[in-house]
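Just below is one structure, and these are the notes that go with it.
Sequence positions, counted from 1, serve as the residue numbers for this chain.
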Amino acid sequence: MNTTPLPGHLPPAGPGVPADPAHSAARAPQRPAPRILGNQWLRLLALIIDMGLTVAALALVSLYIGLATIGGRTDNTPFYAIALVVLALLFLYSPLLTARYGGTPGKLLCGLSVVRLADGSPLSYGTALARHLAHLGMRLVPVLGLLDPLACLWDRTLRQTLHDKVVGSVVIRRSMRPAAAPSPVTKPAGS
């Protein structure tokens, strides 16, 4: 699991910033450093990948229904299959994968992960489900459905979409690792 800076971390003291702990506690909490936030274009690519996987799953079920009804079947079994797939996509695909692995296949392929804004911890299933349902709900509103995923393009501080703001989540780069501490320099014996 990646270690990411917490949103409340304090930057190191620098020129003009007092190093006194009493003064550092008075500073406003900082948000995650921009270098670890998920790239907006990678987020949109991840969304396109996930939409493609969803469409492929629904296309396979539709193909099954088409093949099953060619023989003149009159029962509703094929239609129950598509209802089952839709429910599985709704409650399992994004929420379960986000809670369990940090993101959907599209996000994971793009090196992104979804975490809580407050402390950088993984989302619970309930929070991931609320995030997903907020995303789906916004898609039902014509203009809001377009603005939601594009909101990360103009949110300069945290690159959050609207559904991220609803549940307090943020997308970070999974592949970013903290810089290794420099090894201490020692003088060779006899110098």
Supply the atom-to-atom distance His132 NE2 to Thr127 OG1, rounded to the nearest 0.5 angstrom. 14.5 Å
Trace of the side chain to side chain contact (heavy atoms under 4.5 Å, CB included) decision for Leu123 with Ser169: CA-CA 8 Å; Leu123 298 182; Ser169 64; 4.0 Å; yes
Show the nearest heavy-atom pair for residues Gly103 and Leu108, with the distance to one decimal. O-CD1, 3.6 Å
Closest approach of Tyr125 and Pro95, non-hydrogen atoms and distance? CE1-CB, 3.6 Å
Passes side chain to side chain contact (heavy atoms under 4.5 Å, CB included), Ser94 versus Asp50? Steps please. CA-CA 9 Å; Ser94 179; Asp50 287 330; over 6 Å; no
Same apolar cluster: Leu87 and Leu92, side chain cutoff 4.5 Å: yes
Is there a side chain to side chain contact (heavy atoms under 4.5 Å, CB included) between His163 and Val167? Walk through the geometry before answering. CA-CA 7 Å; His163 62 274; Val167 297; over 6 Å; no
Minimum heavy-atom separation for Gly106 and Ile49, please, with both atom names. CA-CG2, 3.7 Å
Nearest 0.5 Å, what's the NE2-CG distance between His135 and Leu140? 10.5 Å
Roughly how far, to the nearest 0.5 Å, is the CG atom of Leu150 from the CG atom of Leu44? 6.0 Å
Can you check whether Leu37 reaches Val171 side chain to side chain, under 4.5 Å on heavy atoms? no
With a 6.0 Å cut-off (strictly less than), is the heavy-atom count around OH of Tyr101, excluding the residue itself, greater than 12? no
Do Thr104 and Val114 have side chains that get closer than 4.5 Å, going by heavy atoms? no
Gap between atom CG of Asp155 and atom OG1 of Thr161 - 0.5 Å precision: 9.0 Å
Sub-4.5 Å side-chain heavy-atom contact between Gln160 and Leu117: yes
How long is the span from the SG atom in Cys152 to the CH2 atom in Trp41, to the nearest 0.5 Å? 8.5 Å
Shortest non-hydrogen pair, Leu47 vs Pro149, comes out as CD2-CB, 3.7 Å
Show the nearest heavy-atom pair for residues Leu129 and Phe91, with the distance to one decimal. CD1-CD2, 3.7 Å
Quick one: do Leu112 and Asn39 satisfy side chain to side chain contact (heavy atoms under 4.5 Å, CB included)? Show the steps, please. CA-CA 8 Å; Leu112 302 173; Asn39 179 299; 5.6 Å; no
Does Leu146 belong to the same Ile/Leu/Val/Met/Phe/Trp/Tyr cluster as Leu162, with side-chain heavy atoms less than 4.5 Å apart forming each link? no
Under a single-linkage definition using a 4.5 Å side-chain heavy-atom cutoff for Ile, Leu, Val, Met, Phe, Trp and Tyr, are Leu96 and Leu90 assigned to the same hydrophobic cluster? yes
Within one Ile-Leu-Val-Met-Phe-Trp-Tyr cluster: Val55 and Val86, side-chain cutoff 4.5 Å: no
Nearest heavy-atom approach of Arg173 to Gly38 is CG-CA, 3.8 Å
A side-chain contact here means heavy atoms from C-beta on lying under 4.5 Å apart; do Arg131 and Asp164 qualify? yes
Single-linkage hydrophobic cluster, 4.5 Å side-chain cutoff, Leu144 and Trp154 together: no
Step through the shown structure and confirm whether more than 12 heavy atoms of other residues, nucleotides or ligands are within 6.0 Å of CZ on Arg100. no
Check: Arg159 main-chain N/O paired with Arg43 side-chain donor or acceptor under 3.5 Å: yes
Check whether any side-chain heavy atom of Leu53 lies under 4.5 Å from a side-chain heavy atom of Tyr93, and answer yes or no. yes
Can you find a pair of side-chain heavy atoms, one from Leu89 and one from Val85, that are under 4.5 Å apart? yes
Working to the nearest 0.5 Å, report the span between OG of Ser121 and CZ of Arg116. 4.5 Å
With a 4.0 Å cut-off on N to O distance, would you call Asp148 and Lys165 a salt bridge? no
Any side-chain heavy-atom pair of Met138 and Val143 under 4.5 Å: no
